[in-house]
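For reference, the structure discussed in these notes is given below.
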Number of protein chains: 2
Amino acid sequence: MPEPSPSPAETKPRRRAGRPVGSVLDQAGITAAALALVGKKGYDGLTMAALAKSLGVAPSALYNHVGSKDEVLRLVEENLMSQVDSSVFGSMPWEEAVKAWAYSYRDIFSAHTPLISVIAVLPVTDAPQTLAMYEAVTEGFLRAGFPEDRIIPCIVALEAYIFGAAFDATAPADIFDSGKLAESTPHFTAAVRSLGPVNYPSDLAFRMGLDALVAGFGALRS
Amino acid sequence: MPEPSPSPAETKPRRRAGRPVGSVLDQAGITAAALALVGKKGYDGLTMAALAKSLGVAPSALYNHVGSKDEVLRLVEENLMSQVDSSVFGSMPWEEAVKAWAYSYRDIFSAHTPLISVIAVLPVTDAPQTLAMYEAVTEGFLRAGFPEDRIIPCIVALEAYIFGAAFDATAPADIFDSGKLAESTPHFTAAVRSLGPVNYPSDLAFRMGLDALVAGFGALRS
DNA sequence: ACCTGAACACCGTTCAAGT
DNA sequence: ACCTGAACACCGTTCAAGT
């Protein structure tokens, strides 16, 4: 093995210290690399060191483009938000559109639940993709006849439900197995058994809750 | 300052190495200390080192009683679950009981959102307090006339909503301030403004969503 | 059995030095 | 301006040594 290959994935001549001719990094590239890394190794694998390695730079180089790891997470979140399908509000009646939007939203974030804690506290200011989604959804609600002052609460409640359901979607199939404590919780254990062979009811539950929310909120239209 | 006071909060004679006469630690004490630490410093302050210090032991001593930090989190979670008021199902009609339970559940976990990621993946096996809560809720649904095979999906959906809402409850008041991007999101910005001086609608939203879920699910009773 | 104290492999982040 | 490389203060966890 005469080749020590100390550089990352791709075998590059390896950069010396000093400013490179053209900038090697930018926020878009960092975001894409972070997304790829998360896809391969999950959020536990998303470290500044691993991210830098996948980009072929030293960890400290990242800090010329982002202020912190938290900013990387915000960049990823913005990217995901732009993937949520809110175009449905322009092409479907309200009930169907909210449901399609909600499914899209949940499906995307169920693979990114560690971001949810970040999003929840994140002011929407300067998060253009997130704002664009809210704008599209708000427009959809307005066109459907919702009173203006009810729209934000409806969206907030739907989002809460969607985020919570995103966690469920990643839960193991046997999460409700009561194990050796089964006898002390007879009603619960029987209720779980009554679900049949598929004992994790995540999808059924999501549909039922979404239907209830949509029906309840739909009644607010004038 | 002749007193260096190298020991933690309380000034103890300081233990030498070797097995102490009586065990200094146990899971209950660790859980209580973790809860107190979180209350004072938040989840960022809950480190094994800080936890050990608050208990007056070396960090490694903790590992005689818990397998990992994750187990500490599970112990805390179990403690919190036991605080959720599910006795309401024995003393109120179903609609009021679910709502009271949901408020209690959300209020407790809104101060402990970092646990939610842990709970979501956590099988209920050997989590007796959590199981006890599910048992009480299941019984409440049964008495209210729910078909057995709909109960778990209802609970799952309600829990998803409660967990999501717990995140909301910790969000800053100006989370929906669209800032300099306000003009590009006119409908959303107007909808936010229409909420009036209190521009964070967390509580209104929670009530609206909960009402919708309870109304929708309540119709399943026979 | 259950503690201390040293050690390990990692983490995010800072900063001087280099071009 | 934007990189490298060394350094810092921390993290969770392991383990020999002590009683």
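Quick caveat, the model's predicted, so the values are computed rather than measured. To find a chain, count down the sequence lines: A is the first, B the second, and so on, and within it residues start at 1.
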What does the list of N/O pairs under 3.5 Å between the protein and nucleotides 17-19 of chain D look like, with a distance for each?
residue	atom	partner	partner atom	Å
dG18(D)	N2	Gly18(B)	N	3.2
dG18(D)	N2	Gly18(B)	O	3.4
dG18(D)	N2	Arg19(B)	N	2.6
dG18(D)	N3	Gly18(B)	N	3.4
dT19(D)	O2	Arg19(B)	N	3.0

(request) Toss me the dot-bracket line for DNA chain D: Watson-Crick and G-U wobble, both under 3.5 Å, 5' to 3', using | for pairs to another strand and [ ] for crossers. (result) ||.|||||...|||||.||
Between [atom2] of [N] and [atom1] of [X], the distance in whole Å:
X: Leu51(B); N: dC11(D); atom1: CG; atom2: P; answer: 12 Å
X: Arg15(A); N: dT4(D); atom1: CZ; atom2: P; answer: 5 Å
X: Leu25(A); N: dT4(D); atom1: CG; atom2: C1'; answer: 12 Å
X: Leu55(B); N: dT4(C); atom1: CG; atom2: P; answer: 11 Å

(message) Would you compute the distance between atom CD1 of Ile116(A) and atom CG of Leu122(A) and round it to the nearest 0.5 angstrom?
(response) 13.0 Å
Side-chain donor-acceptor pairs of residues 156-166 of chain B under 3.5 Å, sequence neighbours excluded:
residue	atom	partner	partner atom	Å
Glu159(B)	OE1	Tyr134(B)	OH	3.0
Glu159(B)	OE2	Tyr105(B)	OH	2.5
Glu159(B)	OE2	Tyr134(B)	OH	2.7
Tyr161(B)	OH	Ala205(B)	O	3.0
Tyr161(B)	OH	Phe206(B)	O	3.0

Side-chain donor-acceptor contact under 3.5 Å, [X] with [Y]:
X: His187(A); Y: Glu135(B); value: yes
X: Thr189(B); Y: Ser178(B); value: yes
X: Ser68(A); Y: Asp70(A); value: no

(message) Do the side chains of Arg106(B) and Asp203(B) get close enough for a salt bridge, i.e. N-O under 4.0 angstrom?
(response) yes
(request) Could you identify which residues of residues 113-122 of chain A place a heavy atom less than 4.0 Å from some atom of DNA chain D, listed by residue number, or say none? (result) none
(request) Would you mind classifying the nucleic acid contact of Thr47(B) as base, sugar-phosphate or nothing, using non-hydrogen atoms under 4.0 angstrom? (result) sugar-phosphate
Donor-acceptor pair, side chain of [X] and main chain of [Y], under 3.5 angstrom:
X: Ser82(B); Y: Gln129(B); answer: no
X: Lys69(B); Y: Leu46(B); answer: yes
X: Thr47(B); Y: Ala50(B); answer: yes

(request) For Ser60(A) and for Asp44(A), locate the closest nucleotide of DNA chain C by heavy-atom distance; then report the residue assigned to the nucleotide nearer the 5' terminus. (result) Asp44(A)
So, do [X] and [Y] sit near enough that their side-chain heavy atoms are less than 4.5 Å apart?
X: Leu51(A); Y: Leu55(A); result: yes
X: Met48(A); Y: Val66(A); result: yes
X: Leu204(B); Y: Ile152(A); result: no

(request) With a 4.0 Å heavy-atom cut-off, tell me which residues in residues 61-76 of chain A come close to DNA chain C, sorted by residue number. (result) Tyr63(A), Ser68(A), Lys69(A)
(message) Looking only at the side chain of Met48(B) (C-beta and beyond, no hydrogens), which of the listed nucleotides dT13(C), dT4(C), dG12(D) gets closest?
(response) dG12(D)
(message) Which residues pass the ring pair (Phe, Tyr, Trp, His ring centres under 6.0 Å) test with His112(B), not counting sequence neighbours?
(response) Tyr43(B)
